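Here is the structure we will look at, set down as structure tokens.
No hydrogens, no waters, no symmetry mates; every other heavy atom, side chains included, goes into these values. This one's a predicted model, so the numbers in the text were calculated from it and none came from an experiment.
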Amino acid sequence: MSKRDIVLIIITVLLVGVMVGGFIYDRTPALLDRTNPYEFSADENLKIVASEKKGIVFNRVYYEVKLQILDGYWEGYYINFAEAIGNDGAFMDKAEYERYRDSALANAVLKPVPSDDAIIWMIGVEDDKAGIIYIIDQEADGNSYLYVYYAKK
């Protein structure tokens, strides 16, 4: 083996290592835990249903995540978030939510689809690095969902 072959092998191994590290770093549960005050991966009552990410692997600038609340008790999450953030957020009916959706979530891929009689709860958190919006709703399939929208500044 020549020195050139050895250098190419070392570079290939390093690149594969970076790629594997990137995939581990960018898993949706790890991304949620890294960018939110709430530790989603430790909560066995939440199941990730879908996610949409924008940006590069080591620098996500935006993401959306839909989580199913398995026991359907969304009020517990409302209370936890309200206490942690120090704000009660806002409750909306379906018509109010649809007006909000059409203006603020126009470019979102994952959007809540609440049932006709659902109560929708929303709260936003912002600091100098990012803004996060949490929306909880009950949908026509009978399940409750938590949506997380994150955007870097």
Side-chain angles (χ1 to χ4, degrees), residues 1-71 74 76-78 80-90 92 96-114 118 120-141 143-153:
M1 255 196 210
S2 69
K3 283 187 175 185
R4 180 179 173 182
D5 291 341
I6 293 172
V7 168
L8 287 174
I9 290 171
I10 290 172
I11 290 172
T12 302
V13 169
L14 288 174
L15 287 175
V16 168
V18 168
M19 287 177 53
V20 168
F23 286 122
I24 292 170
Y25 182 78
D26 196 47
R27 291 174 308 115
T28 301
L31 181 62
L32 279 170
D33 288 346
R34 198 171 50 253
T35 56
N36 286 277
Y38 185 78
E39 205 168 313
F40 288 98
S41 66
D43 191 333
E44 295 179 359
N45 191 40
L46 292 174
K47 174 184 168 190
I48 296 172
V49 176
S51 67
E52 180 72 25
K53 303 171 190 174
K54 298 204 179 355
I56 61 173
V57 171
F58 289 103
N59 186 25
R60 291 294 181 185
V61 294
Y62 176 81
Y63 69 78
E64 307 168 13
V65 178
K66 177 180 181 180
L67 300 118
Q68 181 182 355
I69 302 170
L70 296 176
D71 68 1
W74 65 268
Y77 290 95
Y78 149 70
N80 289 342
F81 280 106
E83 286 178 358
I85 296 169
N87 180 344
D88 286 339
M92 299 179 275
E96 291 170 322
Y97 162 72
E98 287 173 349
R99 284 192 298 276
Y100 175 78
R101 178 197 65 206
D102 294 343
S103 63
L105 298 178
N107 296 326
V109 174
L110 304 174
K111 299 177 189 177
V113 183
I120 300 101
W121 176 80
M122 180 186 75
I123 194 166
V125 181
E126 193 170 344
D127 62 21
D128 32 325
K129 294 180 182 179
I132 306 171
I133 296 172
Y134 302 99
I135 298 176
I136 298 175
D137 77 327
Q138 296 168 316
E139 298 189 0
D141 64 2
N143 293 311
S144 296
Y145 295 95
L146 168 63
Y147 291 81
V148 181
Y149 300 91
Y150 172 89
K152 262 188 184 176
K153 290 184 177 181

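With a 6.0 Å radius and a threshold of 12 heavy atoms from other residues, nucleotides or ligands, N107 has its CG atom at or below the threshold. Within 6.0 Å of NZ in K152 there are more than 12 heavy atoms belonging to other residues, nucleotides or ligands.
Judged purely by distance below 3.5 Å, without hydrogens or angles, the side chains of Y63 and T35 pair a donor atom with an acceptor atom. A side-chain donor-acceptor contact under 3.5 Å links Y77 and N45. Looking only at atom types and distance, the side chain of K53 has a donor-acceptor partner in the side chain of T28 under 3.5 Å away.
You'll find the side chain of I135 reaches within 4.5 Å of the side chain of L105, heavy atoms only. Inter-residue side-chain proximity for V49 and L110 is flagged as unmet; no heavy-atom pair is nearer than 4.5 Å. Put simply, the side chain of I69 reaches to within 4.5 Å of the side chain of I136, judged on heavy atoms. Between N36 and Y150, the closest side-chain pair of non-hydrogen atoms is not below 4.5 Å. Taking the side chain as every heavy atom from C-beta outward, Y100 and I120 never approach each other to under 4.5 Å.
Between the CZ atom of R27 and the CG atom of D33 there is a distance of 8.5 Å, given to the nearest 0.5 Å. From L67, atom CG reaches atom OH of Y145 across 11.0 Å, with rounding to the nearest 0.5 Å. For the atom pair CD1 of I133 and CD of E64, the computed distance is 10.5 Å after rounding to the nearest 0.5 Å. Separating the CD atom in Q138 from the CH2 atom in W121 is a distance of 13.5 Å, to the nearest 0.5 Å. Summarising the geometry, atom CG belonging to L46 is positioned 11.0 Å from atom OG belonging to S144; distances are rounded to the nearest 0.5 Å. Separation of atoms CG (D88) and CZ (F81) is listed at 14.0 Å; rounding is to 0.5 Å.
Across all their heavy atoms, A106 and D102 have their closest contact at CB-O, 3.7 Å.
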Show me, pair by pair, the donor-acceptor contacts under 3.5 angstrom made by side chains of residues 11-25, not counting sequence neighbours?
from	atom 1	to	atom 2	distance (Å)
T12	OG1	L8	O	2.7
Y25	OH	R34	NE	3.1

Determine all donor-acceptor pairs shorter than 3.5 Å in which one atom belongs to a side chain in residues 122-132; sequence neighbours excluded.
from	atom 1	to	atom 2	distance (Å)
E126	OE2	K153	NZ	2.6
D127	OD1	K129	N	2.8
D127	OD1	A130	N	2.8

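Seen from the ring of Y62, K54 does not count as a face-on cation partner, given the 6.0 Å and 45° thresholds.
Scored by the ring-ring contact (aromatic ring centres under 6.0 Å, His included) test, F40 finds Y38 as partners (sequence neighbours excluded).
Using modelled atom types, one side-chain atom of Y97 and one backbone atom of P112 make a donor-acceptor pair closer than 3.5 Å. The backbone N or O of N143 sits less than 3.5 Å from a side-chain atom of D141, completing a donor-acceptor pair.
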